[in-house]
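Some notes on the structure that comes next.
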Amino acid sequence: MGVNLRDLIPSEAKREVELKALKGREVALDAYNILYQFLAAIRQPNGTPLMDSHGRVTSHLSGLFYRTINLVEEGIKPVFVFDGKPPEMKRKEIEERIKRREEAASKYRQAVELGRLDEARKYAQATGRLTNEMVDESKKLLEAMGMPVVQAPADGEAQAACMAAWGSVWAAGSQDYDSLLFGAPRLVRNLAITGRRKLPGRDEYIEIKPEIIELVSLLKSLKITRDHLIVIGIFLGTDFNPGGVKGYGPKTALKIVKSVDDPLKILNTVPKVKEENDPKEIFKYFKKPPCTKDYKILWREPNIEKVKSILVDKHDFNAERVEKGISRLKKAYRENLKGRISRLDAWFKR
DNA sequence: CCCCACTA
DNA sequence: TAGTGGGGG
């Protein structure tokens, strides 16, 4: 789920941009976040995901393949960051997610029996589960496409935020706002090509553009520090304290946190519920998350044969479509990624 | 989600 | 050339 800062962020702290505005930028993408989105969205009208002839789900591979090509064609330089071992503090959130999935699955079966297509699709979207095999294959596909894959020690979002903070990449890319608590100086949301999204329920579409949120502008416009922001997040609810503190929404949380000079003091007043994580431990985790420096950010020539063996040979993708995609990727790679040193490297080499 | 053929 | 509707695996 992630922390919901949506209603806290003032309009002056976010900026809608065209994709062109991100040309030449390295973005560390939260891979699990993306894969789950594909799993939810890439489905038939009745809710069935794309599958190969053996009944294995392929929605995530289709999404990754075309999305990656499009980003590279736009000159965006994606780095894919995968989750490692979830921290013990996340246990309750994980249990709740499993429960939500099971509930959705049973509602899905009901809707199918009643022949209610729209409902079936809606519930099917929440049933998606990423298996280890799907994750491994996603990494293999991205590597075959020449994209850098980074293995996080714990949260991928935390690792992406660290990489942005260290200047290895320009921004963290995710739909969730946690990156900001983790200290990413810049968060890019809605990083997709098709600028249209269906409104839930009705047959209407709205324009969606990439959105950039700068941490310093956010803090400045709210007149707070990152410590304040982390504490606000804890009040609103994070993966480590799902639900947050009862009775606090964005407004009251902001107000109470700003009422003291040291935001940590406020955490002492939060009633510590048995079996739940210590708010101060949650704070420490956001403040200094587990991150590794063991990664290389390097884009390579796409390997046609490897990509085809995964998509075409193993999962029944249409060979011509895949070949066409790879030629687009190769061209875009040569124009936008190959032999281009990052601004950071350029700076070090002065 | 994205592709593609079709439309005006 | 932009918008749509159906299909992808």
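Only a predicted model underlies this, so the values are computations on that prediction, with no experimental measurement involved. Numbered from 1 within each chain, the chains take letters A, B, ... in sequence-line order.
- When heavy atoms are screened at a 4.0 angstrom cut-off, T58(A) is found touching the sugar-phosphate backbone but no base atom.
- If you measure from atom CG of N46(A) to atom P of dG6(C), you get 14 Å, rounded to the nearest angstrom.
- In this model, the phosphate group of dC3(B) is not approached by any side-chain N or O of K324(A) to a distance below 4.0 Å at OP1 or OP2.
- Of all nucleotides present, only dA5(B) satisfies the Watson-Crick or G-U wobble test against dT4(C), with each distance under 3.5 Å.
- Comparing dC1(B), dG9(C), dC3(B) by their closest approach to the side chain of R67(A) singles out dC1(B).
- Checked against ring pair (Phe, Tyr, Trp, His ring centres under 6.0 Å), F286(A) has the following partners two or more places apart in sequence or in another chain: F182(A), F240(A).
- In the set dG9(C), dC3(B), dC1(B), the nucleotide with an atom closest to the side chain of I42(A) is dC1(B).
- Between the CG atom of L50(A) and the C1' atom of dC3(B) there is a distance of 12 Å, given to the nearest Å.
- Follow the hydrophobic side-chain contacts under 4.5 Å out from I232(A) and you reach V260(A) in the same cluster.
- Per the geometry, CZ belonging to R189(A) stands 13 Å off P belonging to dC1(B), to the nearest Å.
- Residues of residues 303-323 of chain A that place a heavy atom closer than 4.0 Å to DNA chain B, in numerical order, are R321(A).
- The side-chain tip of K338(A) does not point at the ring of W299(A) from less than 6.0 angstrom away and within 45° of straight on.
- Counting to the nearest Å, the P atom of dG9(C) and the CG atom of L64(A) are 15 Å from each other.
- Summarising the geometry, the separation between CD1 on I69(A) and P on dC1(B) is reported as 17 Å, rounded to the nearest angstrom.
- Environment of NZ in K14(A): crowded, with over 12 heavy atoms of neighbouring residues, nucleotides or ligands closer than 6.0 Å.
- For the pair H60(A) NE2 and dC1(B) P, the computed distance is 18 Å after rounding to whole Å.
- The interatomic distance linking Q44(A) (CD) with dG6(C) (P) rounds to 13 Å, in whole Å.
- Remark: P of dC2(B) and CD of E74(A) are 11 Å apart, rounded to the nearest angstrom.
- Salt-bridge formation is detected for the pair K90(A)/D155(A): a Lys NZ or Arg NE/NH1/NH2 atom is positioned less than 4.0 Å from an Asp or Glu carboxylate oxygen.
- Judged as a ring pair (Phe, Tyr, Trp, His ring centres under 6.0 Å), and not counting sequence neighbours, F317(A) has no contacts.
- At the heavy-atom level, P45(A) lies nowhere under 4.0 Å from the strands shown.
- At a threshold of 4.0 Å, the pair E281(A)-K284(A) counts as salt-bridged, since one of the basic side-chain nitrogens sits closer than that to a carboxylate oxygen.
- Side chain of I193(A), nearest nucleotide from dC1(B), dC3(B), dC2(B): dC2(B).
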